[in-house]
Amino acid sequence: MKITSPSRWRVHGVDLEIETISGPDHPDSRPSPVVFLHEGLGSVSMWRDWPRQLCQKLGRPGLVYSRQGYGQSADRADVRGAQRLQPDYMHKEALQVLPELLRQLNIKRPVLLGHSDGGTIALLHASQHPVEACIVMAPHVMVEDISIQAIEAAREAYLHGPLRKRLEPYHTHVDTAFWQWNDIWLSPAFRSYDVRREVGRIQAPLLAIQGEDDPYGTLAQIEDIARAAPQTQLLKLPACGHSPHRDQSAVVMQAIGTFLATLKA
């Protein structure tokens, strides 16, 4: 499988960093691509080589992109002022930005694979748009106290610890990347954020993955997804934190492969 160098793609006037992964060469085999949606501090480069490895295992093409303010995508000026994110920022990404990006790239029924904030975005998109399947890792369908505590700890690590330096290689605008996520999650307006009603509208097959040791959320996140959307398959991983694709990479790849294979059966 071939992976392109990151390039720019303009969506609603904003230049976004995208990377594509080629699929099978056989003209009769054109499976839907996997669209990777990154976490709240993620980017194209923070996925590292995992999207390519997964696409190779699945025999599918892939698309990876960085949201505005992340990776090498365009900056969001005055992110702590006039352009501060609002509680509906994941809705806007899922229902405005992502549909337009997919339309421009002629992707009609993708497999969405989202991590953390990206998982929530995947769920919201799948609630209103056709997808072949939706796979979410450590998603957020409501705000828990444990999430707020972990995000407060991240703020301290960014201001007084090593977090800013660790993030710098992955983001051209590292302060934008951090504060647009941290400020909105710690705002009083965000405490009532809840997308469980939207999840109940999803008709596509769903796989929800959660680490049992995730400091950003409990198993209630994916259990509530299964209550709202009974077709959901759950994968609960011991000895796994907030990044199942890093902490339990082989197990997660196998589970995704098995899940998608059942769609063809």
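- At least one side-chain heavy atom of R60 sits under 4.5 Å from a side-chain heavy atom of S32.
- One finds a salt bridge joining E39 and R246 here, because a Lys/Arg side-chain nitrogen approaches an Asp/Glu carboxylate oxygen to under 4.0 Å.
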message = Go through it in stages, so that I can follow the logic: the residues are V34 and L58, the test is side-chain contact (heavy atoms from CB on, under 4.5 Å), and I'd like the CA-CA distance, side-chain angles, deciding distance and then a yes or no.
response = CA-CA 9 Å; V34 181; L58 299 176; 4.0 Å; yes

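- What you find for S43 and Y170 is that their closest heavy atoms are OG-O, 3.3 Å.
- Counting heavy atoms from C-beta outward, E156 and E152 have side chains that stay 4.5 Å or more apart.
- For the pair R164 and F178, the minimum side-chain heavy-atom distance is 4.5 Å or more.
- Residues R155 and D183 are not paired through a salt bridge, judged by the lack of any N-O separation under 4.0 Å between the basic side chain and the carboxylate.
- Annotation: cation-pi geometry satisfied between R67 and Y70 (NZ/CZ under 6.0 angstrom from ring centroid, within 45° of ring axis).
- The shortest side-chain heavy-atom distance between R227 and V199 does not fall under the 4.5 Å cut-off.
- A donor-acceptor pair under 3.5 Å is formed between the side chain of T232 and the backbone N or O of A229.
- Side-chain N or O atoms of E19 include none that pairs as donor or acceptor with a backbone N or O of L63 at under 3.5 Å.
- Pairs of residues two or more places apart, or lying in two chains, that qualify as ring pair (Phe, Tyr, Trp, His ring centres under 6.0 Å) and include a residue from residues 40-59 are F36-W47, W47-H245, W50-H245.
- In terms of heavy atoms, A255 sits closest to L207 at O-CD2, 4.1 Å.
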inquiry  = Before you tell me yes or no, could you show the steps for V252 and M137 under side-chain contact (heavy atoms from CB on, under 4.5 Å), namely the whole-Å CA-CA distance, both residues' side-chain angles and the distance that decides it to 0.1 Å?
reply    = CA-CA 9 Å; V252 169; M137 304 184 295; 4.1 Å; yes

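- The hydrophobic clustering, which links ILVMFWY residues whose side-chain heavy atoms are closer than 4.5 Å, places I146 and I151 apart.
- In summary, E100 and R103 engage in a salt bridge, as defined by a charged side-chain N under 4.0 Å from a carboxylate O.
- Here the side chain of S147 pairs no donor or acceptor atom with the backbone of V143 at under 3.5 angstrom.
- Both I148 and M90 are members of a single hydrophobic cluster when ILVMFWY side chains are connected at heavy-atom separations under 4.5 Å.
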Which pairs of donor and acceptor atoms, one on a side chain in residues 110-126, lie under 3.5 Å apart (sequence neighbours left out)?
from: H115; atom 1: NE2; to: H242; atom 2: O; distance (Å): 2.7
from: S116; atom 1: OG; to: H140; atom 2: NE2; distance (Å): 3.0
from: S116; atom 1: OG; to: H242; atom 2: NE2; distance (Å): 2.9
from: D117; atom 1: OD2; to: Y89; atom 2: OH; distance (Å): 2.5
from: T120; atom 1: OG1; to: H140; atom 2: N; distance (Å): 3.1
from: T120; atom 1: OG1; to: H140; atom 2: O; distance (Å): 2.7
from: H125; atom 1: ND1; to: A94; atom 2: O; distance (Å): 2.9

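- Under the 4.5 Å side-chain heavy-atom criterion for grouping Ile, Leu, Val, Met, Phe, Trp and Tyr, L95 is not connected to L101 through any hydrophobic cluster.
- In this structure, the side chains of Y158 and N182 stay at 4.5 Å or more apart for every pair of heavy atoms.
- H171 and Q72 are not linked by any side-chain donor-acceptor pair at a separation below 3.5 angstrom, with hydrogens and angles left out of the test.
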key: Verdict with supporting geometry, V35 and L102, side-chain contact (heavy atoms from CB on, under 4.5 Å)   = CA-CA 9 Å; V35 177; L102 297 178; 4.0 Å; yes

inquiry  = Determine whether R80 and D175 satisfy the following criterion, salt bridge (Lys or Arg N to Asp or Glu O under 4.0 Å), listing intermediate values before the conclusion.
reply    = CA-CA 10 Å; R80 308 197 76 183; D175 289 331; over 6 Å; no

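- Donor-acceptor pairing under 3.5 Å is recorded for the side chains of Q210 and D214.
- Judged as a side-chain contact (heavy atoms from CB on, under 4.5 Å), and not counting sequence neighbours, the contacts of K92 are D88, Q96.
- Looking at Q104, its side chain does come within 3.5 Å of a backbone N or O of R10 through a donor-acceptor pair.
- Of the possible polar contacts, one joining the Q248 side chain to the A239 backbone as a donor-acceptor pair under 3.5 Å is found.
- Under the 3.5 Å distance criterion, the side-chain polar atoms of H173 are left unmatched by any main-chain donor or acceptor of Q68.
- Between the side chain of D75 and the main chain of A77, no donor-acceptor pair closer than 3.5 Å is present.
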task = Go through W9 and L105 one step at a time and tell me if the side-chain contact (heavy atoms from CB on, under 4.5 Å) criterion holds.
result = CA-CA 10 Å; W9 200 272; L105 295 172; 3.5 Å; yes

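- For the residue pair R76 and Q180, a side-chain donor N or O sits within less than 3.5 Å of a side-chain acceptor on the partner.
- A salt bridge does not link D78 to R84: none of the charged side-chain nitrogens sits closer than 4.0 Å to a carboxylate oxygen.
- Using a distance-only test at 3.5 Å, with no hydrogens or angles considered, a donor-acceptor pair links the side chain of Q221 to the main chain of M142.
- Side-chain polar atoms of S66 and E17 form a donor-acceptor pair below 3.5 angstrom.
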